[in-house]
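In this chain, numbering begins with 1 at the start of the sequence shown. Keep in mind it's a predicted model, so treat the numbers as computed, not measured.
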Amino acid sequence: MAEEREFPLNRAAFFFGAAIFLFLMTIPVFAGGKSDDWADSVKKNYPDSEYISAVGSGKDRASAESDAKLALSQILGESISAEQVTMQYADSTGREEGMISSVVNEKAVFEHITGIVIKENYVDKKTKTYYALAVLNRKESGDYYFAKANEASLHINDLVSKAKKLRGKVDSLSYLNEAIDISEDTEYNVNLLSVISPAQGRIVRAAYQSPQSLRTVRAELASAVTVSVAVQGDSDGRIRSAFVSALRDKGVTVVDSGGTYIIDADISFEHADVADPQHIFVRYILNAPMTEIVSGNTVVPYTLAGREGHVTESQAKNRAVIKMSGTIKTEYLR
């Protein structure tokens, strides 16, 4: 039985010559005779300027076609990785940028890419090996991803515009968070477009706001939001400290007084009847709405409730405070 052909990845080749990598990945080594004619026709009928193509092999037609699609996905995956790293270097300004993965899962590419089709098949009768050609039409796929990226870019720009009009308001952060989510979802498509159709990719990138750039905008707008924090029933200040930590992690400015907003929180504890003779349980409730001082409107409702147990009531309450503090630090304004 013929051995299935492998197409090894070569990341460095993309950094120094994508064309060399594509050539090595897409052209299998054929025995003499008609297989050479088929290989020549593939290069002629599907030129690199119009198509991204790859040849796969296997013991039957189905496995050859699957191998071809995987080989094409590997080409795209490696190209996207190179594109990401290139953009990371280009965007660097000396400060810490968000880490961009340099590894793209080819299986994920295969599952999400639009436009990969099998165009031709060939059987080498001497070796009883099947070959298949997978192609991606640059123009058709480029137009598809160009439209998707443009639509997302317009939505992002609209959200950023709304956020900037609400400078100093907590709602500005909600708009920016939504814009960042959309940008992160779109980043893959933009990188893919830059590989499939570099000219269209450059057009999109000129107007596209990346997640990194949007996080910079969010940080600037967050600093304009001023919040004070007061917590009733917080005997040792740990709950207030947790809110302050969460707010500062989001870039919000915490003030002692005179802010635009106030978190006016209240904690209550009560005994909880639990059939456990070894432990005492308490039920806790934290109500911590963020209120706009001028209007009195609640802009961020926030409540935590639960129960904790220990051998004494004071230790049970301590466990409850630890639980609430951890939740606030990791979840508030997420």
Would you mind checking if [Y] and [X] are paired as a salt bridge, meaning a charged N to carboxylate O distance below 4.0 Å?
X: K169; Y: D171; value: no
X: K119; Y: E65; value: no
X: D143; Y: K139; value: yes

- Task: For side chain to side chain contact (heavy atoms under 4.5 Å, CB included), just list the numbers for T216 and Q212, CA-CA rounded to whole Å, side-chain angles, deciding distance to a tenth of an Å, and then say yes or no.
- Result: CA-CA 7 Å; T216 299; Q212 291 84 357; 5.9 Å; no

- Task: Starting from the C-alpha separation in whole Å, work towards a yes-or-no answer on side chain to side chain contact (heavy atoms under 4.5 Å, CB included) for V225 and L221.
- Result: CA-CA 7 Å; V225 178; L221 290 179; over 6 Å; no

With the side chain counted from C-beta on, respond yes when [X] and [Y] share a heavy-atom pair under 4.5 Å apart, and no when they do not.
X: R218; Y: I180; result: yes
X: V300; Y: L333; result: yes
X: S172; Y: R167; result: no
X: K59; Y: T129; result: no
X: K164; Y: V217; result: yes
X: V254; Y: R248; result: yes
X: L159; Y: L176; result: no
X: I52; Y: L72; result: yes

Main chain of [Y], side chain of [X]: is a donor-acceptor contact present, judged purely on distance under 3.5 Å?
X: S153; Y: A149; value: no
X: N177; Y: D181; value: no
X: S245; Y: S241; value: no
X: S210; Y: S213; value: yes
X: S325; Y: I322; value: no
X: Y208; Y: S183; value: yes
X: N297; Y: E292; value: no
X: S197; Y: L193; value: no
X: D67; Y: S57; value: yes
X: R138; Y: D48; value: yes

- salt bridge (Lys or Arg N to Asp or Glu O under 4.0 Å) with K162: which residues, sequence neighbours excluded?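 Partners of K162 by the salt bridge (Lys or Arg N to Asp or Glu O under 4.0 Å) criterion, ordered by chain and then number, come out as D158.
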
Mind listing the closest non-hydrogen atom pair of [X] and [Y] along with its distance?
X: S194; Y: R205; value: OG-NE, 3.6 Å
X: L247; Y: M290; value: CD2-CE, 4.2 Å
X: A68; Y: A132; value: CB-O, 3.4 Å
X: L136; Y: I116; value: CD1-N, 3.7 Å
X: S53; Y: L133; value: CB-CD1, 3.9 Å
X: E120; Y: S41; value: OE1-OG, 4.3 Å

[X]-[Y] side chain donor-acceptor pair, cut-off 3.5 Å:
X: D273; Y: H271; result: yes
X: N318; Y: E308; result: no
X: E50; Y: N137; result: no
X: T260; Y: T226; result: yes

Considering residues, nucleotides and ligands other than [X], do more than 12 of their heavy atoms fall under 6.0 Å from its [atom1]?
X: Y175; atom1: OH; answer: no
X: R307; atom1: CZ; answer: no
X: E151; atom1: CD; answer: no
X: K323; atom1: NZ; answer: no
X: F146; atom1: CZ; answer: yes
X: D256; atom1: CG; answer: no

- Item | Pairwise ring pair (Phe, Tyr, Trp, His ring centres under 6.0 Å) hits with a residue in residues 306-334, at least two apart |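 Counting only pairs at least two positions apart or across chains, the ring pair (Phe, Tyr, Trp, His ring centres under 6.0 Å) contacts touching residues 306-334 are F243-Y332, Y302-Y332.
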
- Task: Report the C-alpha distance between V255 and V227 in whole Å, list the side-chain angles of each, state the deciding distance to 0.1 Å, and finish with yes or no for side chain to side chain contact (heavy atoms under 4.5 Å, CB included).
- Result: CA-CA 6 Å; V255 296; V227 182; over 6 Å; no

Only pairs under 3.5 Å count here: list side-chain donor-acceptor contacts from residues 261-270, not counting sequence neighbours, and write none if there are none.
residue: Y261; atom: OH; partner: V170; partner atom: N; Å: 3.0
residue: E270; atom: OE2; partner: R283; partner atom: NH1; Å: 3.4

